[in-house]
Amino acid sequence: MNALKIRRTALAVAAAAVLPFTLAACSDSGDTKAAPTAAAGDQAKTATGTPSDGAMTGDKPFGAACAGVPKEGAGSFDGMAKDPVATAASNNPALSTLVAAVKQAGLVDTLNNAKDITVFAPTNDAFAKIPKADLDKVLADKEQLTKILTYHVVGQKLTPQQLENGSFETLQKGMVTTSGSGEAYKVNDTSNVVCGNVKTANANVYIVDTVLMPK
């Protein structure tokens, strides 16, 4: 009888000693399974966050005047992206005065053969702000016309983000300054970008509403 009692007591003590280790092992096993789940959740958040950040940056044309660009054909955004910048501009009706000036100055090949440039392209309305007599005088002076037109060209492709607070040397060797954010940018504090981030085969184009004059 005493031997049986002693044996039961020993079993109870052994069980009590083993139980905490069993519970701890179960707990550790649960934590191990939970950790990958949390990590997977973090990865999922990162994966979903990355595209949205990219989407916010965007890489498409913007601005009120973009609505006037042809939807199809050589003058559309897709069409302009296939041609070098002078050719692309010649297919955009809003840039016909600029194109005539580029031809007058003999800069078509210069612009078309340049690599990775940015062109601030004045609209027809921008040229119309200049009194006709003054404009005719400039168009007749090839040297002065070349200075003005090359002042609108920067020797690198500029992104909208770079325009937020920028200063860039032009092909004319003068400097242009840019400022703004989102879809509202100014050049030299006087000319507004009315349709920006337009791609051509060799340039980024920002269509502006005022002709820039070399300083």
Side-chain angles (χ1 to χ4, degrees), residues 54-105 107-130 132 135 138-139 145 148-164 166 168 170-171 176-213:
M56 287 179 66
T57 303
D59 197 35
K60 295 182 178 180
F62 62 83
C66 291
V69 174
K71 303 300 181 186
E72 298 178 347
S76 67
F77 292 128
D78 288 340
M80 291 180 72
K82 298 174 183 177
D83 291 322
V85 64
T87 302
S90 70
N91 293 318
N92 187 320
L95 301 177
S96 59
T97 305
L98 172 63
V99 171
V102 168
K103 290 179 178 178
Q104 184 75 13
L107 292 174
V108 172
D109 289 342
T110 299
L111 295 177
N112 276 349
N113 293 327
K115 292 184 179 180
D116 298 333
I117 59 175
T118 293
V119 177
F120 295 104
T123 62
N124 295 343
D125 289 341
F127 280 100
K129 292 180 181 180
I130 302 173
K132 188 177 185 305
L135 181 58
V138 169
L139 291 173
L145 181 60
I148 293 173
L149 293 177
T150 53
Y151 183 67
H152 289 74
V153 184
V154 173
Q156 59 177 305
K157 283 186 177 181
L158 300 177
T159 65
Q161 289 74 22
Q162 288 175 287
L163 300 187
E164 290 179 1
F168 309 99
T170 70
L171 296 192
V176 293
T177 60
T178 58
S179 60
S181 62
E183 296 187 358
Y185 296 93
K186 280 184 175 290
V187 185
N188 287 354
D189 293 324
T190 58
S191 190
N192 297 296
V193 174
V194 293
C195 182
N197 208 30
V198 178
K199 309 293 185 183
T200 74
N202 66 329
N204 286 351
V205 177
Y206 294 88
I207 300 174
V208 295
D209 66 358
T210 303
V211 176
L212 307 174
M213 292 298 177

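Closest approach of Ser191 to Leu212, counting heavy atoms only: CB-CD2, 3.6 Å. For Leu111 against Asn202, the heavy-atom pair with the smallest separation is O-ND2, 2.9 Å. Counting all heavy atoms, side chain and backbone alike, Val193 lies closest to Phe62 at CG1-CE1, 4.5 Å. Nearest heavy-atom pair across Phe77 and Cys195 is CZ-SG, 3.9 Å. Of all heavy-atom pairs between Gln162 and Phe168, the closest is O-CZ, 3.4 Å. When all heavy atoms of Lys157 and Ala203 are compared, the closest pair comes out as CE-N, 3.8 Å.
You'll find the side chain of Asp83 stays beyond 4.5 Å of the side chain of Asn112, heavy atoms only. Put simply, the side chain of Leu135 reaches to within 4.5 Å of the side chain of Phe127, judged on heavy atoms. With contacts defined as side-chain heavy-atom distances shorter than 4.5 Å, the pair Met213/Ile130 qualifies. Between His152 and Val176 there is no side-chain heavy-atom pair separated by less than 4.5 Å. At a threshold of 4.5 Å between non-hydrogen side-chain atoms, the residues Val205 and Ile207 count as touching.
With hydrogens and angles disregarded, a donor-acceptor distance shorter than 3.5 Å links the side chain of Tyr206 to the backbone of Leu158. Of the possible donor and acceptor atoms, none in the side chain of Asn204 sits under 3.5 Å from a partner among the backbone N and O of Thr159. At distances below 3.5 Å, not a single donor-acceptor pair connects side-chain atoms of Asn192 with backbone N or O atoms of Asp209. No donor-acceptor pair closer than 3.5 Å links the side chain of Asn188 to the backbone N or O of Thr190. Checking side-chain atoms of Asp189 against main-chain N and O of Ser179 turns up no donor-acceptor pair under 3.5 Å. The backbone N or O of Pro93 lies less than 3.5 Å from a partner atom in the side chain of Asn124, making a donor-acceptor pair.
A donor-acceptor contact under 3.5 angstrom links the side chains of Lys199 and Asn197, judged on distance only.
Counting heavy-atom neighbours within 6.0 Å of Lys82 NZ, excluding the residue itself, gives a total of 12 or less.
A distance of 10.0 Å separates NZ in Lys71 from OG in Ser76, rounded to the nearest 0.5 Å. Going from atom OG1 of Thr170 over to atom CZ of Phe120 covers 10.0 Å, rounded to the nearest 0.5 Å. Within the model, atoms CG of Leu107 and OG1 of Thr150 stand 7.0 Å from one another, a figure rounded to the nearest 0.5 Å. Note that OG1 of Thr200 and CG of Asn91 are 11.5 Å apart. Values are rounded to the nearest 0.5 Å. A distance of 7.5 Å separates NZ of Lys129 from OG1 of Thr123, quoted to the nearest 0.5 Å.
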